[in-house]
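Since this is a predicted model, take the numbers as computed values, not measurements.
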Amino acid sequence: EICRDHHLTHKSGISQHQKLFGIVQGGISPELREHCAKELVNMNFDGYSIGGVSVGENEQNMLLAIDLSIPFLPENKPRYAMGIGTPRQLVEMVSRGVDMFDCVLPTRLARHGVAYGRNGKLIRYRGEKNRMDLG
């Protein structure tokens with residue numbers, strides 16, 4: 001609430017295009033996810049992030065946390081899954097109604113000469129044979 005109130009009362013110094021998202025937390029507890037999501041929706045944020053995923057849990061629990069949050073978030077506002085980034089995960093998120101996502105994984109892989117190819121396959125591109133023409 002403090003962050004949202006500050007955002008609303010200091011709009012003169014904030015671009016009108018900047019949006020503030022509430023972050024749904026609660027682990028894999030259905031009760032905590034529902035409670036947190038409903039409280040945030042009552043505060044009328046510009047959009048809603050689903051947090052507490054991609055922080056070490058297995059993929060099944062990550063998807064469970066998403067599934068426990070989505071039903072309580074409005075469809076007419078952006079829904080953002082934090083830290084989701086494999087091609088398969090992106091498809092899973094879209095199928096569940098998530099609109100936005102981000103992740104350091106593709107950039108981290110690229111620093112080590114790896115990129116995602118078709119069907120999510122990892123491709124190594126280091127060395128003369130696979131040198132990419134960057135312009």
Which pair of heavy atoms, one from Y48 and one from F45, lies closest together, and at what distance? OH-N, 3.0 Å

One should read off an interatomic distance between M82 CE and C103 SG, to the nearest 0.5 angstrom, of 11.5 Å

State whether the side chain of R33 and the backbone N or O of V24 hold a donor-acceptor pair below 3.5 Å, judged by distance alone. yes

For residues V94 and V53: do they belong to one hydrophobic cluster (side chain heavy atoms under 4.5 Å, members Ile, Leu, Val, Met, Phe, Trp, Tyr)? yes

Using atom types as modelled and distance alone, determine if a side-chain donor or acceptor of E39 lies under 3.5 Å from a backbone N or O of H35. no

For D46 and K19, work out which heavy atoms get closest and say how close. OD2-CA, 3.3 Å

Under a 4.5 Å cut-off applied to non-hydrogen side-chain atoms, are L63 and R96 in contact? yes

Do Y116 and L122 make a side-chain contact, defined as non-hydrogen atoms from C-beta onward lying under 4.5 Å apart? yes

To the nearest 0.5 Å, atom CG of D102 lies from atom OG of S49 at 9.0 Å

Applying a strict under-4.5 Å side-chain criterion to I, L, V, M, F, W and Y, I'd like to know whether L109 and I123 cluster together. no

With a 4.5 Å cut-off on side-chain heavy atoms, are F101 and L90 touching? yes

Do you know which two heavy atoms are closest between P106 and G85, and how far apart they sit? CG-O, 4.0 Å

Going only through I, L, V, M, F, W and Y residues with side-chain contacts under 4.5 Å, is there a path from M43 to I70? yes

Closest heavy-atom pair and its distance - V98, M100: CG1-O, 3.2 Å

Gap between atom CD1 of I28 and atom CE of M62 - 0.5 Å precision: 13.0 Å

Do R88 side-chain atoms and G120 backbone N/O form a donor-acceptor pair below 3.5 Å? no

From I50 CD1 over to I84 CD1, what is the distance, rounded to the nearest 0.5 angstrom? 8.5 Å

Taking all heavy atoms of A37 and all of L73, pick out the closest pair and write down the distance. CB-CD2, 4.0 Å

Take atom CG in N119; do more than 12 heavy atoms of anything else shown fall under 6.0 Å from it? no

Does a side-chain heavy-atom distance below 4.5 Å link F21 with L40? no

Any side-chain heavy-atom pair from K77 and N44 closer than 4.5 angstrom? yes

Grab the two heavy atoms, one from R124 and one from V114, that are nearest each other, plus how far apart they are. NH1-CG2, 3.3 Å

NZ (K38) and CZ (F72) are apart, to the nearest 0.5 Å, by 5.5 Å

